[in-house]
Each structure stands twice: as C-alpha cells, then as structure tokens.
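Below, chain A is the first sequence line, B the second, and so on; all start at residue 1. In what follows, every heavy atom counts, from backbone to side chain, and hydrogens, waters and symmetry copies are set aside.
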There are 2 protein chains.
Amino acid sequence: MDVVRAFHERDRRALARALTWVESGLPEGEELLKAARGQGHARVVGLTGSPGAGKSTLADRLIEAVRARGDTVAVLAVDPSSPFTGGAILGDRIRMMRHHKDEGVFIRSMASRGSLGGLAGATVAALALLEAFGFDWVFLETVGVGQSEVDIARVADTTVLVLTPAAGDAVQAFKAGVMEIADLIVVNKFDLPGGERVVQELKATLEFAPPRPAGWQVPVLTTVAQSGQGTEELLEAVEAHHQHLERHGLLEPHRIERARFEIASVIQALGQESARKSDALVREVAAGRLSPREAAGRLVARALEAPDQGGEA
Amino acid sequence: MDVVRAFHERDRRALARALTWVESGLPEGEELLKAARGQGHARVVGLTGSPGAGKSTLADRLIEAVRARGDTVAVLAVDPSSPFTGGAILGDRIRMMRHHKDEGVFIRSMASRGSLGGLAGATVAALALLEAFGFDWVFLETVGVGQSEVDIARVADTTVLVLTPAAGDAVQAFKAGVMEIADLIVVNKFDLPGGERVVQELKATLEFAPPRPAGWQVPVLTTVAQSGQGTEELLEAVEAHHQHLERHGLLEPHRIERARFEIASVIQALGQESARKSDALVREVAAGRLSPREAAGRLVARALEAPDQGGEA
C-alpha cells in the first residue's frame, strides 16, 4: 500500500498506519504530516474532567448526535501510559467501539508517554493528522488529572469540562484551576442527587472567573449520558461556541497555538532525552561543579549536532 | 547584608532572600546554589494527594513530630500559579503558620509557574537550597493533580500519597497511576465512614502494583491529622523507608535524579519561552512549511546563542 497516496484518498487503513508512524516518531509520519498540515476544517472539541465523570459515555452520545447530522467524527482518547492502569481506563471506552463498523467514525487510543496526565507532542501531531484527513469533528478525550486539562484547552477549539453532582467535584475543579479553561461546563449524571445544587454552585463560582475571550459566557449544561438526555443541547452549545470563535476570528489563533504546543513538546522531549542519556553531566550538576543552565546548553548543543531521528532538522 | 555569607552562617533572612533569587531566576541565585549544592543531609519527603485530603494539616502534625525530636524542618508548599485559585489553596496552609516563630521551622509557598500541577525547575532549585542550608527534613507539599505526583516522586526521597476514606479516592489514585509512585500510602481522615474499607481496597490493589526498588513493601497507614492520631507511626514509617534507601544505596540516585530534573526543566523553560516569542516560526509550522522538529532546533539554538539571564552558560 502506498500509505501517503491512500491517506490523501481518505483510506482509513492508511490513516491508522500514519497515526502509528506519528506515534512512534518515525520520519515518514513527519513527512506526511508536513504535507497534510493546514488542510481540513475539523472542529476540535476537548472533553476533560475527573475519572468517572462519564466522559467516554458522553463522547459516545456526541458521536451519535453528529452522525445523525451526517457529519464524520474522529475520537482521540488519551490515556496515561501506565501499564498498571491502562487496562482499567480503556475498559471505560468499550462502549464507543460499537461504532467501529461505521465508516464515518474513527476511534483511536493513545498513551500520553512521558507526561502522566498531560498531552504528549505525538498526541497533537495525531490531532493534526486527523484534521488533515478531513473529519468534520475531532473529539479529544483525556483522563483529566491536572496538566491534561490545561493542555487540552491549549489545543482544542472548544473545551468541555465534565463534572458530576458528586460532592466536591466542583470544588476540586475550582481548586485545580480547571474551571478557568472551560468553554462549556457539563454536569453529567444529572439524575443523581445534588445535581441542581452543583449547577447553582458552578454558576456562582463562574462569576468570579476571569473573563473569557471576546466576552464568551460559559454555560452550565446538564446531561445524563447513560440515557442520552441533554446531548442535543450540549452539541448545540458546542456549535454556538464555535460560531463565537469564528465570528471573532479566534479559530486561527487556536491553530497557531497547536503548532506552538507541538514545537514546545519536541523541545521538551529533546531535553528529557538528553538529560536521560548524559549521566556524567548530570553528576557534575549534582556535585555543584556545573549549573543546570550550563549543562542544559551543552546537552542541547550536543543533541542538535547529533543526527536526529526525525531525519531532517 | 552579604547574603551569601549570611546564608552560609544559616541566617534565615538570607535564606528567604536566596529563595527569591532562585524563584526569579536571577544569576545570584544560580551562583549561590552552585557553591552550596551537594551540602546538607536533609531527608526530602514529598506529600501528595488530591486537594482536600488534608496534606497541609498532616504536614503541620509532622512538623510537630520532628520538632519533638529536636530536628529542624523546612516546608516547601507548591501551588498551581492561578490567580483565580491561589487564595483558596493558600487558605489551607494558614494552620502551619503558627510555627513561624520557631527558628527550627521554615515554611515557604511557591507557585508552579508554567505547569499547572507540575513542579517547576525553580522548585527543585529551591529544594536544593533548603537542603544546603542544613535542615534535617524538607517536606515538599503540592496540590496533587496529575503531573505533580510524578514530579514529586522524582525529586523526593520518600513519597507519601495522602488519601481519604471518600468513595472513589482510591480508585481515582489508581486510575491516575499515582499509586505506583507512592512509597507510603496514608488514609487520612480515618475517622470518617469507610476508612477500613479503603484500607482493604488499597492493600488489595497494591498486590497488582509493580515491585518497588530493592523489595520495599508499601505500607498503608491511617491518620486523623486533625487530632494528631497516627502521626508518630507515619514518621516512623518514613524513617523506615529512609533506612531502606540508605541500606540499599538508593539515596545518591535520588540526588542525581533531582539534578537531572533541574536540567530538563531548564531546557523545557528555554523551549517554551522561545516558542512563545517566535510567532513567525510557529506560523511556518502551522502552515506546514516547517516541521516542529526543524522549528525546535532553530529556536533552541537561537536561545542558547542569546545572552541568557542566568549569565554564565
């Protein structure tokens, strides 16, 4: 199979192969991505929130809703790369797999290597690939534990924070600072006790939040993903936010921000990789004979001299 | 005041000043740190766990316990640098401030700039400074949301994961992968309903955890920080872990790892800073004319050429 040609002909197997290239950091993936980047028109929606909030079930319902409109959709599910926990988290996503025969739906799980909870550079590259492939929607779902929320908000057009009526859920989100980065807040499992109270708490808290770009007012929605209740309203709110971004010229800045994120990820990987390899220099720093900055300079200079695995720097 | 001399004479005001240097990335801080590094004998204990688990109250009790033995202690409390949430989190720490007249106790709050939940390089530099100053103990406390747990485990000698009997607390820790990095697990607020059940769940889960270095068995302890119950046993368990590290030659690797972390942080900060500044290059990547790796190479090379604020690379 000529993967590159097949990719441009929108062959799903080629997409799967290309994603593996990108995930493994192979030069073929970088070449393809360079050629494909900037194409596509996907709306990138990030779903974040604590484990157990029902993000996967909600994503499943949103798939149904966008498919009912005839749109195509890709889901990128990011897991912390722990062999110990990986299985448990993937289990939550089995439900979504019922769409696997639908040509308009593409689901991929990725590990967030190197940064538990955060998005790896490879994830953002995969996102660019899914966009370029031509999906109308890309849902980005992570196990929300801190860094991932912030990262999602940096790369998604619309960030949906999913909470539950569980006592403390809102407080925890508030304390972790994630309420500031949400474009929409959803109280899922709204049929559980305490739902209305949490909605009121959230609305009260939002009054203290810093203003959002171009005066966007963060709505608090309610869903019961298990039954599908509220999904349609959620999708409409996502579309309203997208129109808000479009109207105020805020979509392009999001694309630029995604590229910035990818570059920063490459640099970070470079730093970690070289610090891992150079025991001698690290020992010099530990002993106080070299400053971290001096060591950093030498390591990066060395990494830039060395033939890189991307093959084209 | 000659800060450097005063620092070496163990003047607390000089320490406070030096920490500000380090936090602000001033060259004076780097100089002092270079001269002071590798001195000291502190036991570095990381306290991590979800917001509301009672880490600050527990830290407060541990301060009492180590002071009762005549040891000195510094607490480094790391907050996500959110102007929106900062106040709320700091509020939890007010209790500790009652020690401020005790010369053997030093408490400092730092923002984890740039990486919500994660540790900034400046934090690790501050840690090195507190060690060098000669404290017997350094407690490192963060608002546990994802990345911070992993970072703490990388820099602390002993990592204490603080949970509560609240339903889902253990499951959440398990899912987020943080149970793998804990040397000790504490169920705080053990007087709340469900405590014994959570302890049993944790013990069952630990059987599936990957083995810890040199066969260390992770104990599950219980505390009621509010009343002080269990603090003494916790401190004994921390000491037992420290002896385990000492016996198996694992303390030096921790020191090396801290230096490695600092170097990687410097490279990362350098990269993010330059990616923030270089709109032109980022746009080239977004448009597909340059790969992220090519852009990364150019940016870091440029940053290292430029006169750096650390003044000595």
Side-chain angles (χ1 to χ4, degrees), chain A residues 30 34-35 37-38 50-52 80 82 84-85 88-89 115-118 121 143 145-148 150 168 171-172 174-177 180 209-210 255-256 259-260 262-264 266-268 270-272 275 282-283 285-288 291-297 299-301 304 308 310 312-313, chain B residues 30 34-35 37-38 50-52 80 82 84-85 88-89 115-118 143 145-148 150 168 171-172 174-177 180 208-210 255-256 259-260 262-264 266-268 270-272 275 282-283 285-288 291-297 299-301 304 308 310 312-313:
Chain A
E30 204 164 320
K34 203 166 145 183
R37 198 184 292 268
S50 34
S82 155
F84 185 39
T85 60
I89 293 166
S115 54
L116 184 128
V143 179
V145 272
Q147 189 55 39
S148 59
V150 186
V171 174
Q172 191 154 333
F174 175 81
K175 280 198 168 186
E180 291 165 71
R255 276 192 347 109
I256 305 275
R260 202 186 300 278
E262 265 188 89
I263 300 171
V266 169
I267 297 176
Q268 182 175 352
L270 197 75
Q272 283 175 348
V282 175
R283 276 168 200 280
V285 171
S291 80
R293 177 170 269 274
E294 288 165 329
L299 283 171
V300 173
L304 289 174
D308 69 82
E312 46 173 290
Chain B
E30 205 163 319
K34 202 166 143 182
R37 200 183 291 268
S50 34
S82 155
F84 185 38
T85 59
I89 293 166
S115 54
L116 185 128
V143 178
V145 274
Q147 189 56 40
S148 59
V150 185
V171 174
Q172 191 154 332
F174 175 81
K175 280 198 168 187
E180 293 165 69
F208 298 100
R255 271 186 359 104
I256 305 274
R260 200 186 301 279
E262 265 189 271
I263 300 171
V266 169
I267 298 180
Q268 184 177 347
L270 207 68
Q272 281 177 347
V282 176
R283 276 168 201 279
V285 171
S291 80
R293 176 171 272 275
E294 288 164 331
L299 283 171
V300 177
L304 288 172
D308 70 82
E312 46 174 290

Is there side-chain contact between B:Glu294 and A:Lys34, with heavy atoms separated by less than 4.5 Å? yes
Can A:Arg293 and B:Glu262 be said to form a salt bridge (Lys or Arg N to Asp or Glu O under 4.0 Å), step by step? CA-CA 9 Å; A:Arg293 177 170 269 274; B:Glu262 265 189 271; over 6 Å; no
Sequence neighbours excluded, the answer for side chain to side chain donor-acceptor pair (under 3.5 Å) partners of B:Arg260 is A:Asp279, B:Glu257
Looking only at heavy atoms, which two atoms of A:Val282 and B:Ala259 are closest? And how far apart? O-CB, 3.8 Å
Is the shortest heavy-atom distance from the side chain of B:Pro292 to the side chain of A:Arg37 under 4.5 Å? yes
